[in-house]
Amino acid sequence: MKNILVTGGAGYIGSHTVVEMLNMNMNVVIVDNLRNSKEEALRRIEKITGIKPTFYKVDLLDRSALASVFRAEKFDAVVHFAGLKAVGESTQIPLSYYQNNVTGTLNLCELMIKHSVRNLVFSSSATVYGDPHKTPIKESFPRSATNPYGRTKLMIEEILQDLYDSDNAWNISLLRYFNPIGAHPSGMIGEDPNDIPNNLVPFISQVAIGKLNKLAVFGADYPTHDGTGVRDYIHVVDLAKGHIKALQKLSENPGIQAFNLGTGRGYSVLDIVSTFERVNKVKIPYETAGRRPGDIAVCYADASKAEKELGWRAELPLEDMCADTWRWQLQNPNGYE
Ligand code: NAD
Ligand code: UFG
C-alpha cells in the first residue's frame, strides 16, 4: 500500500496519520473541504516531515470534483476520515450529518469501484457500541446508536458490510476509535476546536491557559471509583500508527474486519484533571454539574484483537497525552490561526 488517498487529512486525526504515513514513505493525497480544519495544518505537516502532501480542496459531496481527483491520481487504498463529528450538533442538524457522512461515503465508494480501488480504512467510533452491557468492550458486542452522529457511523459500517458481501474483492478495516486526545510531540499539529470545546481534554486545556474559567464535571454520581465518567483515552499518535498497521493488513486480503483502537484502560474525568495538573504544573478549577444527557458511565476497549491481528498496541501513557496536549496549546494559543 503505497499510494493513499486520505479524506479529511487536514483534520485532527487525519493530520497526525498523514505525518506517520509520510514517515513510512507513503505517497499521500489529501482531500478535505476544510469545513472543520485549516490549510495551515498542511503546512505544519510539511514542517514536521519535510514532505508536502498533495492537497485537493474538495467536498466529498461534490461528485464531479471528487471524480477529477480519482482521474488525476492513482490509489492503492483510501483512509476515510472525512465526516462531521459533533454529537450535540448532530441532534440539531441531523440531515446535514446523514448527507455529509453517509452520502459522502457513498460518493467515495462509487468512485473507488469505478477506479478499481478496493482497500478502505474507515474511521468508525466506540459510539457504535451505544451503552455497552459490560466492559471491556469487544468488537463482537451488539451495536446501537443513541444520536444521529452515532447512527451515521453505524449506517456506514452496515453499508460497507453490504459492499463487501456484494464483492469479496474488497478489503475494509472498520477502526473503532475510543477517545483520541493529545497532539504531535513537536507541538506543531493538534486538535483545534472551532468553538467552545465539547470534549473533555480540549476543554481542560483551554481552562489551563485561561480562556475558559472552569471545567464543569458532568456527573459525579456514576458507579465508578470516584463517581465521574470513565473513558479509554488514547494518544492520537498511537491512533495514527494504528492506521498504518491497518493499511499493511489490507494487503493480506483480510476481507472486512472491525478493530477497537484504544488502550484497554479507563480513566475517570477526575483522573484526567489530576494527571493534567500534575504533569503540566497547572491548576484546573472545576465544579460538579449534572450528568450530560446521552453520556454513559464507563467505556473502555478490549484492544486485544488489534494487537493479535494488526500487531498494534497503544504505547503512550496518559502523562504523554497530557504533556503533548499542553505543549500544543502553549505553542498555539489560538490554534492554527
Ligand atoms: P476533524 O473534524 O478534525 O476532521 C475531519 C475532517 O474532515 C475535517 O478536516 C473536515 O474539514 C473534513 N470533512 C468533513 N466533511 C467533509 C466533506 N464532506 N468533504 C471533505 N472533507 C470533509 O475530526 P477528527 O477528530 O480528526 O475525526 C476524524 C474521523 O474520526 C471522523 O470521521 C470522526 O467521526 C471519527 N472519530 C473521531 C473521534 C474523536 O473523538 N475525534 C472519535 C471517534 C471517531
Ligand atoms: N466531560 C466533562 N466535562 C466536559 C466535557 C466532558 O465532565 O466539559 C466528561 C464527559 O461527561 C465524559 C468524559 O468527560 O464522561 C469524556 O467526554 P468527551 O466529550 O471528551 O468524550 P465522549 O466519551 O463523550 O465522546 C467521544 C467523542 C465521540 C465518540 C466517543 C466514543 O466525542 O464522538 O468519544 O469514541 F463517539
Side-chain angles (χ1 to χ4, degrees), residues 6-17 30-39 41-42 56-62 65-66 79-88 90 96-97 99-101 103-105 107-108 122-130 137 145-147 149-150 152-153 156 175-181 190-194 196-204 206-207 212 214-220 222 224 228-234 236 239-240 260-262 266-270 272-273 286-299 301:
V6 181
T7 75
Y12 172 48
I13 305 169
S15 57
H16 288 81
T17 304
I30 295 174
V31 163
D32 199 304
N33 63 0
L34 302 180
R35 172 159 172 175
N36 197 36
S37 51
K38 306 255 164 35
E39 211 163 343
L42 305 174
Y56 292 89
K57 184 171 184 286
V58 161
D59 193 317
L60 294 189
L61 298 181
D62 183 344
L66 192 59
V79 181
H80 177 32
F81 294 103
L84 299 176
K85 62 163 183 177
V87 173
S90 81
S96 300
Y97 271 68
Q99 183 74 263
N100 193 75
N101 295 4
T103 309
T105 304
N107 291 347
L108 177 68
F122 171 62
S123 298
S124 189
S125 166
T127 195
V128 301
Y129 297 114
I137 300 170
T146 50
N147 57 68
Y149 164 71
T152 67
K153 293 294 175 192
I156 295 168
L175 300 184
R176 297 179 182 153
Y177 312 153
F178 282 68
N179 288 55
I181 61 168
E191 188 166 12
D192 181 18
N194 270 335
I196 296 178
N198 297 308
N199 296 117
L200 178 66
V201 172
F203 199 103
I204 288 180
Q206 293 200 9
V207 170
L212 297 168
K214 60 175 133 172
L215 170 72
V217 174
F218 297 143
Y222 286 109
T224 62
T228 67
V230 166
R231 297 288 182 276
D232 185 337
Y233 297 92
I234 172 169
V236 65
L239 187 65
N260 287 340
L261 296 187
Y267 288 100
S268 73
V269 174
L270 294 182
I272 301 295
V273 169
Y286 68 85
E287 65 186 5
T288 306
R291 292 184 180 191
R292 183 171 64 178
D295 273 358
I296 57 178
V298 181
C299 175

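Both counts, for ligands and for their atoms, begin at 1 and track the order of listing. Remember, predicted model here, so these are calculated numbers, not experimental data.
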Discussion item. Give me the residue, atom name and distance of the protein heavy atom closest to atom 36 (F) of ligand 2.
Written reply: S125 OG, 2.9 Å

Worksheet entry | Candidates P193, P202, P180 - the one meeting side-chain contact (heavy atoms from CB on, under 4.5 Å) with Y12 | P180

Worksheet entry | Close approach of Y222 to ligand 2, heavy atoms, under 4.0 angstrom | no

Fill in: Numbered atoms and elements of ligand 2 in range of G229, under 4.0 angstrom, heavy atoms
15 (O)

Discussion item. Please list, in number order, the atoms of ligand 2 under 4.0 Å from a heavy atom of V217.
Written reply: 7 (O)

Practice prompt. Determine whether L84 and R35 make a side-chain contact, defined as any pair of heavy atoms from C-beta on separated by less than 4.5 Å.
Written response: yes

Fill in: Nearest non-hydrogen protein atom, atom 26 (C) of ligand 2
N179 ND2, 3.6 Å

Discussion item. Can you see whether N260 engages Y129 through a side-chain donor-acceptor pair at a distance of less than 3.5 angstrom?
Written reply: yes

Discussion item. Can you report which non-hydrogen protein atom sits closest to atom 12 (C) of ligand 2, along with the distance?
Written reply: R231 NH2, 3.7 Å

Discussion item. Treating Y97 as the side-chain partner and A86 as the backbone partner, does any N or O pair qualify as donor plus acceptor under 3.5 Å?
Written reply: yes

Item to complete: Tell me which one of F203, Y267, Y149 gets a heavy atom nearest to atom 33 (O) of ligand 2.
Response: Y149

Worksheet item: Does any N/O atom on A216 come nearer than 3.5 Å to any N/O atom on ligand 2?
Response: yes

Fill in: L200-ligand 2 polar pair, N/O distance under 3.5 Å
yes

Worksheet item: Is a side-chain donor or acceptor of D32 paired with a backbone partner of A10 at a separation under 3.5 angstrom?
Response: yes

Worksheet, complete the sentence: the protein heavy atom lying closest to atom 27 (C) of ligand 2 turns out to be N199 ND2, 3.9 Å

Practice prompt. Would you check the N or O atoms of F218, main chain and side chain alike, for any that come under 3.5 Å of an N or O of ligand 2?
Written response: yes

Discussion item. I need the atoms of ligand 2 closer than 4.0 Å to a non-hydrogen atom of Y177, numbered in the order shown.
Written reply: 35 (O)

Worksheet item: What protein heavy atom sits nearest atom 9 (C) of ligand 2, and how far off is it?
Response: V269 CG2, 3.6 Å

Worksheet entry | Residue A126 vicinity, atoms of ligand 2 by number, heavy atom under 4.0 Å | 31 (C), 35 (O)

Worksheet item: Are Y233 and ligand 2 in contact, using a heavy-atom cut-off of under 4.0 Å?
Response: yes

Practice prompt. Between K214, R176, R292, R291, flag the one that comes closest to atom 24 (O) of ligand 2 by a heavy atom.
Written response: R292

Discussion item. Counting C-beta onward and ignoring hydrogens, is there a side-chain heavy-atom pair between F218 and V269 closer than 4.5 Å?
Written reply: no

Worksheet item: When the ring planes of H80 and F122 are compared, do they come out parallel, tilted or perpendicular, using 30° and 60° as the limits?
Response: tilted

Worksheet item: For R176, does its backbone N or O pair with a side-chain atom of S125 as donor and acceptor, under 3.5 Å?
Response: no

Discussion item. Any nitrogen or oxygen of F178, side chain or backbone, less than 3.5 Å from one on ligand 2?
Written reply: yes

Response to the item:
Looking only at protein heavy atoms, what sits closest to atom 10 (C) of ligand 2 is D295 OD2, 3.4 Å

Worksheet item: Are S37 and D192 close enough that some pair of their side-chain heavy atoms sits under 4.5 Å apart?
Response: no

Item to complete: Using a 4.5 Å cut-off on heavy atoms from C-beta on, say whether the side chain of K85 contacts that of N36.
Response: yes

Worksheet item: Got more than 12 heavy atoms from elsewhere within 6.0 Å of OH, Y286?
Response: no

Worksheet item: Listed by chain and number, what are the side chain to side chain contact (heavy atoms under 4.5 Å, CB included) partners of T103, not counting sequence neighbours?
Response: L61, Q99, N107

For a distance cut-off of 3.5 Å, show me each N or O of ligand 1 paired with any protein N or O, plus the separation.
| unit_1 | atom_1 | unit_2 | atom_2 | d |
| --- | --- | --- | --- | --- |
| ligand 1 | 2 (O) | N36 | ND2 | 2.7 |
| ligand 1 | 3 (O) | Y12 | N | 2.8 |
| ligand 1 | 9 (O) | G11 | N | 3.3 |
| ligand 1 | 9 (O) | D32 | OD1 | 3.2 |
| ligand 1 | 9 (O) | D32 | OD2 | 2.6 |
| ligand 1 | 9 (O) | S37 | OG | 2.6 |
| ligand 1 | 11 (O) | D32 | OD1 | 2.8 |
| ligand 1 | 11 (O) | N33 | OD1 | 3.3 |
| ligand 1 | 11 (O) | R35 | N | 3.1 |
| ligand 1 | 11 (O) | N36 | N | 2.9 |
| ligand 1 | 11 (O) | S37 | OG | 3.4 |
| ligand 1 | 13 (N) | N33 | OD1 | 3.4 |
| ligand 1 | 15 (N) | N100 | ND2 | 3.1 |
| ligand 1 | 18 (N) | D59 | OD1 | 3.0 |
| ligand 1 | 18 (N) | N100 | OD1 | 2.8 |
| ligand 1 | 19 (N) | L60 | N | 2.9 |
| ligand 1 | 21 (N) | N33 | N | 3.1 |
| ligand 1 | 21 (N) | N33 | OD1 | 3.2 |
| ligand 1 | 25 (O) | K85 | NZ | 2.8 |
| ligand 1 | 26 (O) | Y12 | N | 3.3 |
| ligand 1 | 26 (O) | I13 | N | 2.8 |
| ligand 1 | 32 (O) | F81 | O | 2.8 |
| ligand 1 | 32 (O) | K153 | NZ | 2.8 |
| ligand 1 | 34 (O) | Y149 | OH | 2.7 |
| ligand 1 | 34 (O) | K153 | NZ | 3.1 |

Fill in: Region of N198 that comes within reach of ligand 2 [heavy atoms, distance under 4.0 Å]
backbone

Item to complete: Spell out, as yes or no, whether a donor-acceptor pair under 3.5 Å connects the side chain of T228 to the backbone of S268.
Response: no

Response to the item:
So OG of S90 and CG of N100: to nearest 0.5 Å the spacing works out to 12.0 Å

Practice prompt. Could you check T17 against V6 for side-chain contact (heavy atoms from CB on, under 4.5 Å), going step by step and ending with a plain yes or no?
Written response: CA-CA 9 Å; T17 304; V6 181; 5.9 Å; no

